[in-house]
Amino acid sequence: MTSREITYLDLTPRAPFDFEGTVRSHGWVLLPPNVWNADRRTWTRIERLRSGNVVQLEIAGAGSVAQPRIQITAQSARPLSAEERAEILTAVGWMLRADEDFSAFYALCRERGEPWIRATQGLGRLLRSPTLFEDVVKTICTTNIKWSGTQRMVTRLVEHLGAPFPGEPGQRAFPTPEAIAAATPERLRAEIRLGYRAPFIHTLAVQVAGGSLDLEAWRDPALPTPVVKRHLLAIKGVGAYAAASLLMLLGRYDDIARDTVFRDFVSAKYFDGQTPPEVEARALYDAWGPWKFLAYWFDLWSYYEP
DNA sequence: TTCCAGGGGTAGA
DNA sequence: TCTACCCATGGA
């Protein structure tokens with residue numbers, strides 16, 4: 001048994017905040033290295049810090065929706081430096097959108113009533129990854145494949161290329177751009193089974209690892225959405241659906257990913273099972289302005305899980 | 001077997 | 001800008 005250092009960290013998110021509702025807001029919590037521990041109502045994740053130190057984070061909600069706190073238990077092989085502690089707090093805060101302000105969205109939800117009124121109890125935060133690189137790779141792994149295939153590909157990426165938690169080779173972090181770049185496209189295809197996505201993901205990793213592509217700079221909220229969208233669409237393997245999903249993950253909700261889920265849902269709820277013209281489907285959420293995606297998201301969620 | 005999934009790239013109009 | 005056609009994979 002490897003000896004472990006345990007560090008407790010605490011974060012106060014902007015209220016209202018629903019911890020479990022945020023962690024389980026969409027499929028990302030089901031993709032490694034994320035794990036939802038149903039018995040303890042906690043979320044664990046192996047994280048490789050910039051120092052190279054690989055830590056296990058167990059994250060729990062505390063307090064109430066109105067006075068929330070986030071408690072982080074970090075296990076590591078050696079004591080964490082002040083920089084490493086700060087990096088963990090920044091990463092967890094980003095993943096859970098601790099500081100994001102949803103007050104304008106909640107105000108619209110109160111005006112519209114059901115089903116959106118439920119969101120005002122601290123929902124609206126969609127779980128994301130600590131790096132845009134991880135979110136882009138995972139999003140490419142959702143295109144033109146069933147969800148089980150997405151889980152299979154991401155699991156293999158983590159198992160084969162992720163840095164192991166010391167003493168626990170079965171627990172690994174999401175692979176760094178360097179680790180994916182160091183693998184050949186042939187290996188990504190044959191071993192990770194990425195299929196035709198292999199060259200897309202390999203090229204992306206090579207560009208990020210080599211410094212010619214600074215994905216993380218696109219997290220800057222000062223950048224205009226059309227600029228970020230143009231950058232995203234320039235990534236091979238990212239088209240209209242993936243770009244809209246990634247904009248949502250970046251906290252930009254003015255564009256809805258019109259994928260099969262969207263088309264099937266609006267057809268079922270608003271058009272009596274018929275396929276509506278694109279213009280009419282798009283117009284459904286126009287009144288929500290910059291919050292279109294979240295409005296659609298709650299509409300969808302409430303329809304299938306009333 | 002055949003189809004197709006929370007699409008996207010490319011060539012050719 | 002729009003339309004065919006192709007692309008790996010694995011489950012149904």
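Heavy-atom basis, side chains included; hydrogens, waters and symmetry copies ignored. The structure displayed is predicted, hence computed values, not measured ones. Numbered from 1 within each chain, the chains take letters A, B, ... in sequence-line order.
Ring pair A/W301/A/F298 is perpendicular by interplanar angle, where above 60° counts as perpendicular and below 30° as parallel. The aromatic rings of A/W291 and A/F102 lie tilted to each other, with the angle between the two planes from 30° to 60°. Aromatic ring orientation, A/F262 versus A/Y285: tilted (interplanar angle from 30° to 60°).
Map A/W297 and A/F200 each onto its nearest nucleotide of DNA chain B; the residue landing nearer the 5' end is A/W297.
Contacts of A/G149 with the nucleic acid, taken as non-hydrogen atoms under 4.0 Å apart, are absent. Contact annotation for A/A198: no contact, since no heavy-atom pair falls under 4.0 Å across all strands. Contacts of A/L188 with the nucleic acid, taken as non-hydrogen atoms under 4.0 Å apart, are absent.
The P atoms of C/dC5 and B/dG6 are separated by 24 Å, rounded to the nearest whole Å. One C1' atom belongs to B/dC3, the other to C/dA8, and the distance between them is 15 Å to the nearest Å. Comparing B/dG8 with B/dC4, their C1' atoms are spaced 15 Å from each other, to the whole Å.
Tested against A/R45, the residues A/M95, A/E58, A/Q56 include a single side chain to side chain contact (heavy atoms under 4.5 Å, CB included) partner, A/M95.
Taking A/S129 as the reference, A/W28, A/E134, A/D135, A/K138 meet the side chain to side chain contact (heavy atoms under 4.5 Å, CB included) condition, with sequence neighbours excluded.
Looking at A/R41 and A/E20, a side-chain N of the basic residue comes within less than 4.0 Å of a carboxylate O on the acidic one, giving a salt bridge. Using a 4.0 Å cut-off between charged side-chain N and carboxylate O, A/E216 and A/R219 make a salt bridge. Taking a cutoff of 4.0 Å between a charged side-chain nitrogen and a carboxylate oxygen, A/R118 and A/E114 qualify as a salt bridge.
Between A/R197 atom CZ and C/dT9 atom P the separation is 10 Å, expressed in whole Å. What separates CG of A/L194 from P of C/dA8 is a distance of 12 Å, to the nearest Å. The separation between A/Y196 atom OH and C/dC7 atom P is 12 Å, rounded to whole Å. A straight line from CD1 of A/I201 to C1' of C/dT9 spans 13 Å, rounded to a whole angstrom.
Taking every nucleotide of DNA chain B with any atom under 4.0 Å from a non-hydrogen atom of chain A, the first and last of them, 5' to 3', are B/dC4 to B/dT10.
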Distances under 3.5 Å only, N/O to N/O: pair up the protein atoms with those of nucleotides 10-12 of chain C.
{"residue": "C/dG10", "atom": "OP1", "partner": "A/R193", "partner atom": "NE", "Å": "3.3"}
{"residue": "C/dG10", "atom": "OP2", "partner": "A/R193", "partner atom": "NH2", "Å": "3.1"}
{"residue": "C/dG10", "atom": "N2", "partner": "A/K146", "partner atom": "NZ", "Å": "3.3"}

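A chain of hydrophobic side-chain contacts below 4.5 Å, direct or via other Ile, Leu, Val, Met, Phe, Trp or Tyr residues, connects A/L123 to A/W288.
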